[in-house]
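The structure appears below as structure tokens.
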Amino acid sequence: MKRSLLLLAALFASSLAPSGASARNFTLPQVDYSADREVQSGERWQTMIVHYSPGKERMELTGAAARGNVMIVRYDRGVTWVLMPRLGAYLELPNNVGDNISSVVQSLDLQPAGRERIDGVEAAKYRVDGKLQGFMWLGARGIPLRIDGDLDVDGKTTPAHLEQHNVVVAPQAAELFELPGGLARIELKDARWLGLMQQYLTGK
């Protein structure tokens, strides 16, 4: 999967404390929740079901091209796994994947820009400055409902749009964020294999 799409997908894992009137920086949320997430990077869309717990995130990719793949990002361990059930295997991504996500998150400054309703839900609107330039709407418990802007990835600007629907604040099972048994680990040390795996993960 292209890193820009992974960064965009994971941006929603980061949120604020309950919204107020002053400017603030992103911090990782301290509340468990699940949601349906849509992510757009350039011309590409990806849908997923998300489970989040402080320091952990699971993204279950949906749609025919996704092939049932699952991404687990363990911010607390500095590791990211891609589960590929159809292959009976998993891939462990380089440690810097989670670090890159954290870098984007920590770069963001938010300035209050009023309040609006998103899908009928009251939300605080913020102007975002940092590696993401645009706007963000935060709902209850500071969980993002929408992001619109441009994301800087390796010096290149990519239009970004993210939405979360059907947000449910509730405890998430610990096993959702662990490697399941019975999957073989794939070692990808050759750049050509990495390219082929990216095609598999993205359905191209």
Side-chain angles (χ1 to χ4, degrees), residues 1 3-19 24-41 45-63 66 68-83 85 90-93 95-108 110 118-119 121-124 126 128 130-132 136-149 151 160-180 201:
M1 173 169 289
R3 188 172 65 177
S4 61
L5 192 57
L6 176 57
L7 289 171
L8 285 168
L11 268 176
F12 266 131
S14 304
S15 70
L16 305 173
S19 57
R24 58 186 70 209
N25 295 102
F26 256 155
T27 57
L28 291 174
Q30 296 302 309
V31 60
D32 286 24
Y33 74 90
S34 63
D36 297 327
R37 182 181 299 172
E38 298 177 359
V39 180
Q40 181 185 18
S41 176
W45 280 90
Q46 178 66 64
T47 59
M48 61 196 74
I49 299 170
V50 176
H51 301 272
Y52 178 82
S53 188
K56 313 166 189 177
E57 185 176 25
R58 178 187 179 96
M59 294 172 273
E60 301 172 358
L61 307 186
T62 58
N69 296 328
V70 175
M71 249 179 224
I72 299 176
V73 183
R74 292 297 301 262
Y75 305 100
D76 56 348
R77 295 185 189 175
V79 65
T80 299
W81 299 306
V82 179
L83 313 183
Y90 75 95
L91 175 67
E92 188 169 304
L93 299 181
N95 292 339
N96 64 355
V97 171
D99 293 339
N100 288 334
I101 295 170
S102 298
S103 176
V104 171
V105 169
Q106 293 169 7
S107 80
L108 303 182
L110 282 78
I118 303 295
D119 291 337
V121 178
E122 183 76 11
Y126 290 86
V128 182
K131 291 187 177 181
L132 175 73
M136 181 180 297
W137 290 259
L138 301 178
R141 308 295 292 271
I143 297 174
L145 300 178
R146 179 180 293 170
I147 295 176
D148 272 313
L151 181 66
H161 179 78
L162 303 92
E163 292 194 17
Q164 285 200 141
H165 309 280
N166 304 318
V167 176
V168 177
V169 177
Q172 303 297 303
E175 56 266 27
L176 288 172
F177 311 102
E178 300 292 344
L179 278 173
L201 295 175

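- Atom CE of residue M48 and atom CD of residue E38 lie 9.5 Å apart, to the nearest 0.5 angstrom.
- Between R77 and E178, at least one side-chain nitrogen of the basic residue sits less than 4.0 Å from a carboxylate oxygen of the acidic one, meeting the salt-bridge criterion.
- Scanning all heavy atoms of the two residues, the minimum distance from D32 to A170 falls at CB-O, 3.0 Å.
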### Query
Step by step, would you call W137 with D148 a side-chain contact (heavy atoms from CB on, under 4.5 Å)?
CA-CA 9 Å; W137 290 259; D148 272 313; 4.0 Å; yes
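- With sequence neighbours left out, D76 forms a salt bridge (charged side-chain N to carboxylate O under 4.0 Å, His left out) with R74.
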#### Entry: CA sep, side-chain torsions, deciding dist, call: R146, H161, side-chain contact (heavy atoms from CB on, under 4.5 Å)
CA-CA 7 Å; R146 179 180 293 170; H161 179 78; 4.1 Å; yes
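- For the pair N69/P85, a side-chain contact is recorded, criterion being any heavy-atom separation below 4.5 Å from C-beta on.
- Side-chain atoms of D119 and L145, non-hydrogen and from C-beta on, never get closer than 4.5 Å to each other.
- Checking side-chain atoms of R58 against main-chain N and O of L176 turns up a donor-acceptor pair under 3.5 Å.
- Atom OG1 of T80 sits about 5.5 Å away from atom CG of L93, to the nearest 0.5 Å.
- Listed by chain and number, the residues in a side-chain contact (heavy atoms from CB on, under 4.5 Å) with I49 are D36, H51, E60, T62 (sequence neighbours excluded).
- Listed by chain and number, the residues in a side-chain contact (heavy atoms from CB on, under 4.5 Å) with V169 are V31, Y33, R141, I143 (sequence neighbours excluded).
- Between G149 and L132, the shortest heavy-atom contact is C-CD1, 4.3 Å.
- Here CZ of F177 is found 11.5 Å from CH2 of W81. Values are rounded to the nearest 0.5 Å.
- Separating the CE atom in M71 from the CG atom in L91 is a distance of 9.5 Å, to the nearest 0.5 Å.
- In this structure, the side chains of M59 and V73 come closer than 4.5 Å at one or more pairs of heavy atoms.
- Y52 and Q172 are not linked by any side-chain donor-acceptor pair at a separation below 3.5 angstrom, with hydrogens and angles left out of the test.
- Here E57 contributes atom CD and I72 contributes atom CD1; the two are 11.0 Å apart, rounded to the nearest 0.5 Å.
- At distances below 3.5 Å, at least one donor-acceptor pair connects side-chain atoms of Q164 with backbone N or O atoms of P144.
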